[in-house]
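In this text the structure is predicted, and so the values were computed from the model without any measurement.
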Amino acid sequence: MVNVNINGIDIEVPEGTTILQAAKMLNIKIPTLCYNDDLPAWASCGICIVRLAGTPKMLRACTTKVAPGMKLITHDPEINKARRTVLELVLSNHPQDCLQCNRSGQCELQDLAMDFGLRSAPRFTQILKNQPTDDSYEEIVLDRNKCINCGRCVEACQLMQNVWAMEYTGRGDKTVIGPVAGSDLAHSPCIRCGQCAAHCPTGAITTHNKLEEVFDKVADPEITSVVSIAPSVRAAIGEEFGLPAGTLCTGKLYTALRMLGFKYIFDTNFAADLTIMEEGTELVTRLTKGGALPMFTSCCPGWVDYAEKNYHDLLPNLSSAKSPQQMQG
């Protein structure tokens, strides 16, 4: 264990704990932008700087491990000014079209700008990348102009998923993040898992927004509107409405979809049961009559795409059952 002092408060933490983690134990919020709990910290943005008490030395809290007797200051006027300047520099390379952005209201950069009161005209000259949007994949959209080079998508793609569809190209202020070898998403190893979009702190990588199309279809009296709910949604959607994580919202979900105008509501729970029966039967058949073992589920189209692109030798091991969504369809 290591004894440290943060903002005048003594705390004992395990050896190897970062300053950011230690501060969280004291409910002290240090702002971050490139950091994510799922990924290795690599101190790209510099928003999380703190001061070593009694010195002018600034440390990056996400990567710096605490040391015995360390005294730290997480907030003071100079630190706040430095953080604000970094944020202004990031915004000087970012479009000012928040209202038209799919991530508006769920954007970490937007939240930080509000926290620091950056509501006036930018202090620095705005310089955008002026690169075309990559929407070659139907599911995922890459808008490099909104990219802040935090690297989260690259780390998620390479280290979490082992897909290696995203990489850095160029150096210095010419650095650009995008599909490997300068290709577009459709011609990269991307498997459409969506982890890049889930970890992007801005609107640089998003999924296609189909809301307008859905509303038009539901309002069309000539069209019979049908919706099917994935099993995980009932336990996840409540968080979007301020309910505790994991709150079961099945009834509320059915009611809301009826009120929106959907005529038929199906539950993919039924198809999930079909999947269990189909895969179970197939496994028993392989065990008793022969077949490739072990047998892998094929419920996730992204996983099937990953196997097809990276592990051809395992394709016979995949179950022949389709995903629950496909069965439900």
Side-chain angles (χ1 to χ4, degrees), residues 6-9 11 17-53 56-64 66 72-128 143 145-153 155-156 177 196-206 239-245:
I6 302 177
N7 295 344
I9 305 171
I11 184 173
T17 301
T18 65
I19 295 172
L20 183 63
Q21 292 167 338
K24 283 183 179 179
M25 295 176 190
L26 292 172
N27 291 320
I28 296 172
K29 182 182 177 182
I30 297 175
T32 61
L33 192 53
C34 69
Y35 177 81
N36 186 280
D37 288 333
D38 293 341
L39 307 169
W42 68 305
S44 122
C45 70
I47 297 285
C48 69
I49 54 169
V50 296
R51 184 199 299 284
L52 200 58
K57 188 175 183 179
M58 300 282 194
L59 305 171
R60 301 204 178 196
C62 66
T63 54
T64 307
V66 295
L72 300 159
I73 299 169
T74 64
H75 294 76
D76 68 19
E78 188 176 358
I79 293 172
N80 289 336
K81 183 179 179 181
R83 289 173 179 164
R84 184 185 175 95
T85 301
V86 170
L87 197 54
E88 287 178 296
L89 287 167
V90 171
L91 290 170
S92 71
N93 297 130
H94 196 79
Q96 307 294 317
D97 60 350
C98 291
L99 288 178
Q100 289 78 43
C101 181
N102 279 345
R103 289 293 295 272
S104 183
Q106 293 182 315
C107 172
E108 293 178 39
L109 180 61
Q110 188 182 54
D111 291 343
L112 275 176
M114 293 177 66
D115 288 346
F116 281 85
L118 296 175
R119 301 174 184 273
S120 56
R123 183 156 59 106
F124 301 108
T125 303
Q126 192 173 48
I127 303 173
L128 301 180
D143 186 348
N145 291 316
K146 295 179 181 177
C147 177
I148 59 172
N149 288 351
C150 70
R152 280 199 204 172
C153 59
E155 303 298 310
I177 291 176
C196 56
H199 286 83
C200 179
T202 68
I205 307 180
T206 56
E239 294 178 56
E240 294 295 319
F241 297 91
L243 297 174

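Residue Ile148 is tested with Val90, Ile177, Leu91 for a side-chain contact (heavy atoms from CB on, under 4.5 Å); the sole match is Val90.
Heavy-atom minimum distance, Cys153 versus Ile205: CB-CD1, 3.6 Å. Contact record, Ala22 with Thr17: N-CG2, 3.7 Å, taken as the closest heavy-atom pair. Taking every heavy atom of both residues into account, Thr74 and Asn7 meet most closely at OG1-ND2, 2.7 Å. When every heavy atom of Ala245 is checked against every heavy atom of Glu239, the shortest pair comes out as CA-CG, 3.7 Å. When all heavy atoms of Thr64 and Arg60 are compared, the closest pair comes out as OG1-O, 2.8 Å. Nearest heavy atom pair, residue Leu128 against residue Pro95, reads CD2-N, 3.6 Å.
Here the side chains of Val86 and Phe116 are not in contact, with every heavy-atom distance at 4.5 Å or above. In this structure, Val50 and Ile30 have side chains that are in contact, with non-hydrogen atoms separated by less than 4.5 Å. In this structure, the side chains of Gln126 and Asn93 stay at 4.5 Å or more apart for every pair of heavy atoms. With a 4.5 Å cut-off on side-chain heavy atoms, Ile9 and Ile6 do not count as touching.
The local environment of CE in Met114 is sparse, with at most 12 non-hydrogen atoms from other residues, nucleotides or ligands closer than 6.0 Å.
The distance from atom CE of Met25 to atom CG of Leu20, rounded to the nearest 0.5 Å, is 10.5 Å.
No side-chain donor-acceptor contact under 3.5 Å links Arg51 to the backbone of Met58. Remark: the backbone N or O of Lys146 is paired with a side-chain donor or acceptor of His94 at under 3.5 angstrom. Ser104 places a side-chain N or O within 3.5 Å of a backbone atom of Cys98 that can act as its donor or acceptor partner. One N or O on the side chain of Asp76 and one on the backbone of Ile79 form a donor-acceptor pair closer than 3.5 Å. Using a distance-only test at 3.5 Å, with no hydrogens or angles considered, no donor-acceptor pair links the side chain of Trp42 to the main chain of Gly151. Checking side-chain atoms of Arg103 against main-chain N and O of Cys200 turns up a donor-acceptor pair under 3.5 Å.
The pair Lys24-Asp37 counts as a salt bridge, with a side-chain nitrogen and a carboxylate oxygen less than 4.0 angstrom apart. Here Arg152 pairs with Glu108 in a salt bridge; the nearest charged N to carboxylate O distance falls below 4.0 Å.
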